[in-house]
Every structure is written in C-alpha cells, then in structure tokens.
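Structure, as structure tokens:
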Amino acid sequence: MDNFQKVALVTGGSRGIGEAIVKRLASDGFIVYGTYNSSPEKAEAIAESLRSDGKQVHFKKMDISSDESIRAGIEEIVAESGRIDVLVNNAGITKDTLLMRMTEQDWDDVLNTNLKGAFLCCKAVARPMMSQRAGRIINISSIVGLRGNAGQVNYSSSKAGMIGLTKSLAQELASRNILVNCIAPGYIETDMTDKLNDDQRKAFADKIPLKRAAKPEEVANVVSFFANADSTYVTGQVIAVDGGLAM
Ligand code: NDP
C-alpha cells in the first residue's frame with residue numbers, strides 16, 4: 001500500500017448512484033471529492049454525515065455541461081489535495097421522448113452533459129494522472145448504450161459514446177498506467193427511475209433474470225473494484241451491472 005491517501009473525484013455525487021459511490025470510496029479510505037450541480041443541501045448533508053464518521057469527504061459545485069466549471073473545479077481539487085487518483089464520470093441526465101418529438105435542444109443537453117462532460121473531465125484529470133504515472137477513470141454508461149432503447153435516442157447515444165471513449169482512452173493512457181473502465185448499469189432504484197409507475201416497474205423487473213431492480217450500492221461495489229489498488233490489469237472493459245439483463 002502506498003503511504004499517502006488517494007484522492008477520488010465523483011461527478012454527480014449528491015444523489016442516487018453517485019451518492020453511493022462517494023460513500024463506498026470514502027469507506028475504502030479515499031479522500032473523496034463529490035460534485036453537485038443543483039442539490040447543494042443534499043451534498044452538504046452527505047459530506048457532514050460522512051465527516052462525522054471520520055471520513056474525508058468534500059463537495060464542490062461543478063456544472064458538468066460547462067468546460068469552464070469543470071476545469072476550475074478540477075484545478076481547485078488538484079491544488080488542494082496535490083493529486084488525483086480516481087475519476088468517476090457519473091453525473092448524467094435524461095430527456096426522453098420519441099425521435100419525432102425530440103428537439104435539437106434535447107439532444108444537445110443530454111450529449112453535452114453525459115458525453116462531452118465525461119470527455120472534459122477525462123481531459124482535465126489526464127495531465128495530473130500522467131505525471132503521477134497512475135490513475136483510474138471509471139465511466140458510468142448504461143445498458144441502453146449497449147442495446148439501445150426506444151424513446152432514448154439522445155441518452156443511449158451518449159451512453160454508447162462513453163463506451164467508445166472508455167476503449168479509446170484505455171489505449172491512449174495505458175502506457176502511463178492509467179486504467180480506464182466502464183460500468184453499464186441496468187435498472188437501478190434512484191430519482192432517475194423514480195418517474196416509472198408500478199406497472200412499468202413490474203414490466204422492467206420481469207425482464208431481468210434476477211427479477212428485481214438494483215440498489216445504487218450494487219453499482220458502487222463495482223466502482224470500488226475498479227478503483228482498488230489491487231485491480232492492476234483490467235482496462236478498456238465494460239461491466240454490466242444489470243441482474244443479467246444484457247447477456
Ligand atoms: P440521479 O438523477 O439520481 O442523479 C444524477 C446526478 O447527476 C445528481 O447528483 C446530479 O447533481 C448530477 N448532475 C445532473 N446534471 C448535472 C450537471 N449538469 N452537472 C453536474 N452534475 C449533474 O441519477 P442516477 O444516480 O440514477 O444516475 C447516475 C448515473 O448512472 C447517470 O450517468 C445515469 O445515466 C447512469 N445510469 C443510471 C441508471 C438507473 O437506473 N438509475 C441506469 C443506467 C445508468 P444535482 O442533483 O446536484 O444537480
């Protein structure tokens with residue numbers, strides 16, 4: 001084990017899967033920086049509760065659809081902590097509708113947040129990680145990035161793009177010992193899926209071999225695996241955390 005505490009950045013750490021990742025990496029011993037955009041109170045409540053438990057957790061406002069906001073936020077984190085070991089590109093949005101009703105704005109908003117945001121975060125951490133000659137980037141895609149989904153042309157394109165981003169970056173950064181992997185969650189119980197009614201929930205669950213939705217912590221467990229110092233020879237991979245849905 002290295003004799004310094006490693007630093008992890010989790011985008012969209014204020015709710016859902018990101019919140020579970022922040023908690024898990026803090027328990028794993030990382031100094032964790034979470035980001036929020038529109039939920040400052042939730043972010044502060046998470047940080048306070050973890051700090052009262054002895055964990056080192058900080059939250060910063062960062063709009064993942066803005067290059068300026070990302071660069072300023074990541075520069076601040078690196079200036080404060082002196083390093084950055086893990087980036088989890090988790091922040092994401094949906095603007096679902098059928099193609100004929102989808103506006104150019106719906107497309108741009110989702111692509112800019114989910115895919116361009118992840119690209120910009122990767123770019124901002126690449127320099128410090130390259131000089132450390134070590135780093136981990138973990139992209140949160142979706143099974144709809146693998147399989148597509150009617151009504152989610154924008155979202156599934158952004159998530160498929162994250163898989164291409166993962167595999168290309170894994171090749172570019174391997175010589176600097178930076179490992180880049182991707183997680184494709186299925187149906188996870190968060191605010192994002194809270195919009196479904198009971199019939200939609202049941203219809204979804206019935207298609208899943210494990211016959212249930214997952215808890216956000218079940219995605220965080222896999223992030224923990226990729227972030228772990230012992231995971232030294234896995235890069236460019238996509239792991240579906242979906243109860244067997246996409247096999
Ligand atoms: P939630 O809607 O519960 O939370 C989204 C998070 O992203 C929040 O922390 C939010 O921050 C942040 N966020 C949204 N827009 C921005 C922005 N412009 N800048 C910075 N942060 C932003 O989502 P989930 O937890 O469900 O999803 C997390 C990730 O997992 C997403 O990338 C999603 O696509 C993916 N995923 C989720 C699945 C599911 O079933 N839930 C399935 C497959 C993939 P704030 O509240 O502060 O604005």
Side-chain angles (χ1 to χ4, degrees), residues 9-24 32-47 57 59-74 87-96 108-121 124 138-149 152 154-163 165-166 182-196 200-201 204-205 207-208 210 212-220 222-223 238-243 245-246:
L9 165 61
V10 182
T11 67
S14 50
R15 288 187 285 125
I17 295 172
E19 175 181 351
I21 297 170
V22 166
K23 290 178 176 166
R24 176 60 198 249
V32 183
Y33 285 85
T35 76
Y36 64 89
N37 188 41
S38 60
S39 314
E41 300 84 7
K42 285 193 173 183
E44 206 31 58
I46 296 164
V57 175
F59 267 88
K60 297 213 175 278
K61 180 169 168 58
M62 198 190 283
D63 178 0
I64 233 70
S65 64
S66 152
D67 184 24
E68 206 186 324
S69 176
I70 291 171
R71 271 195 287 161
I74 292 178
L87 164 67
V88 185
N89 279 312
N90 165 78
I93 59 166
T94 52
K95 287 202 171 178
D96 298 350
D108 286 346
D109 288 348
V110 170
L111 269 288
N112 282 341
T113 305
N114 298 3
L115 182 56
K116 190 173 167 192
F119 154 72
L120 292 170
C121 287
I138 302 153
N139 294 319
I140 309 297
S141 173
S142 166
I143 52 156
V144 308
L146 294 165
R147 297 170 42 142
N149 196 24
Q152 291 196 309
N154 51 0
Y155 181 75
S156 60
S157 300
S158 73
K159 295 301 184 179
M162 287 181 94
I163 295 172
L165 174 75
T166 300
C182 190
I183 296 174
Y187 172 18
I188 318 296
E189 284 170 359
T190 69
D191 293 346
M192 195 175 263
T193 48
D194 212 29
K195 303 162 195 160
L196 301 173
Q200 287 172 315
R201 268 175 226 283
F204 253 133
K207 288 190 200 137
I208 301 169
L210 287 178
R212 64 173 179 88
K215 301 276 180 220
E217 291 73 19
E218 295 178 281
V219 178
V222 182
V223 173
V238 184
I239 300 287
V241 181
D242 65 349
L245 185 58

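Counting starts at 1 for both ligands and their atoms, following the listed order. We use all heavy atoms of the structure for the numbers below, so side chains are in, but hydrogens, waters and symmetry mates are not.
In terms of protein heavy-atom proximity, atom 44 (C) of ligand 1 is closest to Ser141 O, 3.2 Å. The nearest heavy-atom contact from the protein to atom 2 (O) of ligand 1 is Arg15 NH1, 3.4 Å. In this structure, the protein non-hydrogen atom closest to atom 33 (C) of ligand 1 is Tyr155 OH, 3.4 Å. Atom 13 (N) of ligand 1 has as its closest protein heavy atom Ala91 CB, 3.9 Å. Closest to atom 11 (O) of ligand 1 among all protein heavy atoms lies Ser14 OG, 3.2 Å. Among all protein heavy atoms, the one lying closest to atom 28 (C) of ligand 1 is Asn90 OD1, 3.2 Å. Looking only at protein heavy atoms, the nearest one to atom 47 (O) of ligand 1 is Asn37 N, 2.7 Å. Summary of contacts: the protein heavy atom closest to atom 41 (N) of ligand 1 is Thr190 OG1, 3.1 Å.
On a distance-only criterion, Tyr36 and ligand 1 share no N/O pair closer than 3.5 Å. Below 3.5 Å of separation, one finds no N or O of Thr113 facing any N or O of ligand 1. Polar contact check, Ile17 against ligand 1: a nitrogen or oxygen pair lies under 3.5 Å apart.
Under a 4.0 Å criterion applied to the non-hydrogen atoms of Met62, ligand 1 contributes the atoms 19 (N), 20 (C). In the vicinity of Thr193, heavy-atom distances shorter than 4.0 Å reach the ligand 1 atoms 39 (C), 40 (O), 41 (N). Heavy-atom contacts of Asp63 reach the following atoms of ligand 1: 17 (C), 18 (N), 19 (N) (cutoff under 4.0 Å). Taking every heavy atom of Asp191 and a limit of under 4.0 angstrom, the matching atoms of ligand 1 come to 3 (O). Atoms of ligand 1 found under 4.0 Å from any heavy atom of Ile188, numbered from 1 in the order shown, are 39 (C), 40 (O), 41 (N). Remark: ligand 1 atoms within the under-4.0 Å shell around heavy atoms of Ile93 are 14 (C), 15 (N). Atoms of ligand 1 lying under 4.0 Å from at least one heavy atom of Ile64, given by number and element, are 17 (C), 18 (N), 19 (N), 20 (C). Numbered from 1 in the order shown, with element, the atoms of ligand 1 that lie under 4.0 Å from a heavy atom of Ser38 read 45 (P), 46 (O), 47 (O), 48 (O).
Scanning Ser39, Gly186, Ser142, Gly117 for the heavy atom closest to atom 38 (C) of ligand 1 points to Gly186.
Gln200 meets the side chain to side chain donor-acceptor pair (under 3.5 Å) test with no other residue; sequence neighbours excluded.
The one candidate from Asp108, Asn154, Asp109 that meets the side chain to side chain donor-acceptor pair (under 3.5 Å) condition with Lys95 is Asp109.
A distance of 6.0 Å separates CD1 in Ile93 from CG in Asn114, rounded to the nearest 0.5 Å.
Closest non-hydrogen pair, Gln152 versus Asp96, comes out as NE2-OD2, 3.1 Å.
Proximity of Ala213 to ligand 1 is not established, as no heavy-atom distance is less than 4.0 Å.
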